[in-house]
Amino acid sequence: MSARAILASLCRAGFLSGALLAAGGASAAPAIEITNVPPYGSSENLSGRVLDATPAAHRVAVFIYVPGAGWWSKPYCDPALTVIQPDGRWTTDITTGGADAFATKITALLVSTNYSEPCVTGPPSLPAGVLAQALASASVERADPAIRWIRFSGYEWWVKESPGLVGPGPNYFSAGTNNVWLDTQGRLHLRITNRSNQWHCAEIVSQRTFGYGSYRFDLDFPVDDLNPNAVLGLFTWSDHAAYAHREIDIECSRWGNSNDVNNAQFVVQPWDASGHLLRYAVPAGLTHSTHLFVWETNRIRFQSLKGGFSPTLTATNLIRNWTFADASAVPQTGDENVRINLWLNNGDPPVGNAEVEVVVRSFEFIPLGTPLPAILGNPALLSGGGFQATLLGQPDRRYEIQASADLLDWQPLTVVLATNRQNEILLPDAAAAGWRFLRTLTRP
């Protein structure tokens, strides 16, 4: 049977409209998306869309951060809010003065029409009242062309470069491809190198702020063999000092003590406050491990696991878990980013003066709450084979698409990271493998 005939039969059966592919029906919370980010240095407008909210009853509040000038309401203080069109789309001018074209952070909030926060004119961080009134938010960072960027695990990251000594350490950091690169499997390599008797460390920073949810770091190297003077940091960080820089850490290190039986720790900053740090040991010889924290409004739950992530904890896969339950000390989400770095404790050379390398298989962020089911729709055959479809899902959820010829034996085709509610995806030619049916499964 041809691909066109298969597609036609699927459409007649209703399978590509969601009858087989997913069972919908769950109501979605209001959401806001940024769909067009003007290039760094341009005067183009910012635009996006709102979902599952009545346009006439809501507005969009936009703020930009300009280095050295702070945060500003856009387009103006009056009007400070952007009207949402009947189809959910909105557009805002974010270059209405000064050095706006060189803003590095942009935040859009979905708010009600009675939103009353005073105009923001230059503070180093967004006032708490600005975020407290939001029904939903979206934040992005813009790429300065002078900065190196990479795409890792479906997200954009910028690579840290420092001509002088900076924290942590202090150390020199290099954005060169000898210090930060992706291999053919998409794994991230971070390396501490020596150039002209100077040690250079490595760090990447996420473009996005993710907020409350589960942060998972899948490692592909033996943590127990990490050089005693090296530190692998897996953490959130804000450049502003509120809530101890919103820093939540998983750190792999012996901190210069080769005899320490522990080689890793969970931390909620400040680290030296009572009950804010737990040391533990990743077993020797373990080359694959996953380390994560689940950030909620009133607690942070940490886990380290043998192998890949599993929603089921057992005696065979659990290394250590810990819950930080001091609700008064749990940071509120704000303008933090995710960072992954490899650096030298106190800037001291590695033991044995040997270069150090770690491999990170993946990073995943998973929102809190029960996921919305995914739906495939709008199928279109492609002239080169295969077809295109729209995946309606929940942003930051990962959906596995499977195929079958008989509704009994299902074969995985691909895993899709939903970056928006509506995601255009490409799938291979069904006829080539005899597939007649498709379905989507939400990854845990």
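All heavy atoms count here, side chains included; hydrogens, waters and symmetry mates do not.
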Donor-acceptor contacts under 3.5 Å from residues 124-138 side chains, at least two apart:
unit_1: Q133; atom_1: OE1; unit_2: S116; atom_2: N; d: 3.4

**Request:** Identify which one of V159, V166, N179 satisfies the side chain to side chain contact (heavy atoms under 4.5 Å, CB included) criterion when paired with F173.
**Result:** V166
**Message:** On a heavy-atom basis, which atom in L232 and which in L226 lie closest, and how many Å separate them?
**Reply:** N-CD2, 4.1 Å
**Request:** Report yes or no: does H245 contribute a side-chain atom to a donor-acceptor pair with the main-chain N or O of H240 at less than 3.5 Å?
**Result:** yes
**Asked** Does T290 reach the main-chain N or O of D218 with its side chain, forming a donor-acceptor pair under 3.5 Å?
**Response** no
**Message:** Is it the case that the side chains of D335 and S238 hold a donor-acceptor pair, with the cut-off being a distance below 3.5 Å and no angle test?
**Reply:** yes
**Message:** If you compare all heavy atoms of S214 against all heavy atoms of L292, which two are closest, and at what distance to 0.1 Å?
**Reply:** OG-CD1, 4.2 Å
**Message:** Under a 3.5 Å distance rule, please check whether T236 uses its side chain to pair with a backbone N or O of I248 as donor and acceptor.
**Reply:** yes
**Request:** Examine the side chains of N262 and R320 and answer whether a donor and an acceptor come within less than 3.5 Å of each other.
**Result:** no
**Prompt:** Judged by atom type as modelled, is there a donor-acceptor pair below 3.5 Å linking the side chain of R443 to the main-chain atoms of V416?
**Reply:** no
**Prompt:** Which heavy-atom pair separates Y172 from P163 by the least distance, and what is that distance?
**Reply:** CE2-O, 3.5 Å
**Item:** T390 OG1 to N378 CG distance, which is reported to the nearest 0.5 Å
**Value:** 4.0 Å
**Request:** State which residue, out of L417, L372, I366, fulfils the side chain to side chain contact (heavy atoms under 4.5 Å, CB included) condition with R397.
**Result:** I366
**Request:** Might you work through the side chain to side chain contact (heavy atoms under 4.5 Å, CB included) test for V282 and H291, ending with a clear yes or no?
**Result:** CA-CA 10 Å; V282 178; H291 309 264; 3.8 Å; yes
**Request:** Please examine the side chains of W90 and R59, heavy atoms only from C-beta on, and report whether any two atoms are closer than 4.5 Å.
**Result:** no
**Request:** Would you confirm whether N420, through its side chain, and Q422, through its main-chain N or O, come within 3.5 Å as a donor-acceptor pair?
**Result:** no
**Separation between CZ of R254 and CG of N229, rounded to the nearest 0.5 Å** = 12.0 Å
**Item:** R216 to F309 six-membered ring, cation-pi geometry met (6.0 Å, 45°)
**Value:** yes
**Verdict with reasoning, K74 to L46, per side chain to side chain contact (heavy atoms under 4.5 Å, CB included)** = CA-CA 10 Å; K74 290 296 163 186; L46 179 77; over 6 Å; no
**Prompt:** Distance only, no hydrogens: is a donor on one side chain within 3.5 Å (strictly under) of an acceptor on the other, for D249 and Q269?
**Reply:** yes
**salt bridge (charged side-chain N to carboxylate O under 4.0 Å, His left out) contacts touching residues 229-244 (sequence neighbours left out)** = D239-R339
**Asked** Any donor-acceptor pair under 3.5 Å linking the side chain of H276 with the backbone of V268?
**Response** yes
**Request:** Scan for side-chain hydrogen bond (donor to acceptor under 3.5 Å, both in side chains) pairs involving residues 354-366, sequence neighbours excluded, and state none if there are none.
**Result:** H189-E357, R191-E355, R191-E357, D220-R361
**Message:** Test of understanding: with salt bridge (charged side-chain N to carboxylate O under 4.0 Å, His left out), list the residues that count as partners of R421, not counting sequence neighbours.
**Reply:** D52
**Request:** State which residues pass side chain to side chain contact (heavy atoms under 4.5 Å, CB included) with D409; sequence neighbours excluded, sorted by chain then number.
**Result:** D406, Q411
**Prompt:** Can you list the residues that meet the salt bridge (charged side-chain N to carboxylate O under 4.0 Å, His left out) rule with D260, with sequence neighbours excluded?
**Reply:** R279
**Request:** Can you sort out the partners of E424 under salt bridge (charged side-chain N to carboxylate O under 4.0 Å, His left out), two or more places apart, ordered by chain and number?
**Result:** none
Sequence neighbours left out, cut at 3.5 Å: what donor-acceptor pairs do the side chains of residues 343-350 make with other protein atoms?
unit_1: W343; atom_1: NE1; unit_2: N341; atom_2: OD1; d: 3.3
unit_1: N345; atom_1: ND2; unit_2: W255; atom_2: O; d: 3.4

**Request:** Start with the C-alpha distance between W199 and N353, add both sets of side-chain angles, then the distance that settles side chain to side chain contact (heavy atoms under 4.5 Å, CB included), and finish with yes or no.
**Result:** CA-CA 10 Å; W199 291 98; N353 287 314; 3.9 Å; yes
**Asked** Between S139 and T107, what is the shortest heavy-atom contact and its length?
**Response** OG-OG1, 3.0 Å
**Item:** Gap separating the CG atom of N257 from the CG atom of N263, nearest 0.5 angstrom
**Value:** 11.5 Å
**Message:** Measuring from atom CD1 of I204 to atom CD1 of I340, what distance do you get when rounded to the nearest 0.5 angstrom?
**Reply:** 4.5 Å
**Prompt:** Does anything in residues 170-185 pair up under salt bridge (charged side-chain N to carboxylate O under 4.0 Å, His left out), and if so which pairs, sequence neighbours excluded?
**Reply:** D183-R187
**Message:** Holding to side chain to side chain contact (heavy atoms under 4.5 Å, CB included), I want the full list of residues that pass it with A242, two or more places apart in sequence or in another chain.
**Reply:** R246
**Request:** Could you give me the CA-CA distance, side-chain angles and deciding distance for F365 and V338, then say whether side chain to side chain contact (heavy atoms under 4.5 Å, CB included) is met?
**Result:** CA-CA 10 Å; F365 171 78; V338 178; over 6 Å; no
**Message:** Show the nearest heavy-atom pair for residues S310 and L305, with the distance to one decimal.
**Reply:** N-CD1, 4.0 Å
**Message:** Closer than 3.5 angstrom, by distance alone: can the side chain of T323 be matched with the main-chain N or O of R301 as a donor-acceptor pair?
**Reply:** no
**Message:** What's the separation between atom CH2 in W157 and atom CD1 in I147, rounded to the nearest 0.5 Å?
**Reply:** 15.5 Å
**Heavy-atom closest pair, residues S253 and V231** = OG-CG2, 3.5 Å
**Asked** Got L438 and L427 here, is their nearest side-chain heavy-atom distance under 4.5 Å?
**Response** yes
**Prompt:** Is it true that F210 and W295 have ring centroids separated by less than 6.0 Å?
**Reply:** no
**Asked** Does the side chain of L51 reach to within under 4.5 Å of the side chain of E33, using non-hydrogen atoms?
**Response** yes
**Asked** Just wondering, do W149 and Q207 contact through their side chains at under 4.5 Å, heavy atoms?
**Response** yes
**Request:** Look only at the side chain of S196 and the backbone of Q198, and say whether a donor-acceptor pair between them is shorter than 3.5 Å.
**Result:** no
**Request:** May I have all residue pairs that pass side-chain hydrogen bond (donor to acceptor under 3.5 Å, both in side chains) and include part of residues 324-334, sequence neighbours excluded?
**Result:** Y243-Q332, D326-S328, T333-E336
**Spacing of N36 atom CG and T92 atom OG1 [to the nearest 0.5 Å]** = 11.5 Å
**Asked** Any side-chain heavy-atom pair from W237 and V205 closer than 4.5 angstrom?
**Response** no
**Item:** Non-hydrogen side-chain atoms of D100 and I94 separated by less than 4.5 Å
**Value:** no
**Prompt:** Counting N and O atoms only, with roles assigned by atom type, does the side chain of N227 sit under 3.5 Å from a partner on the main chain of V351, one being a donor and the other an acceptor?
**Reply:** yes
**Item:** With sequence neighbours excluded, residues passing salt bridge (charged side-chain N to carboxylate O under 4.0 Å, His left out) with E141
**Value:** none
**Prompt:** Can the ring centres of Y280 and F302 be said to be less than 6.0 Å apart?
**Reply:** no
**Asked** Do the ring planes of F217 and F293 sit parallel (below 30°), tilted (30 to 60°) or perpendicular (above 60°)?
**Response** tilted
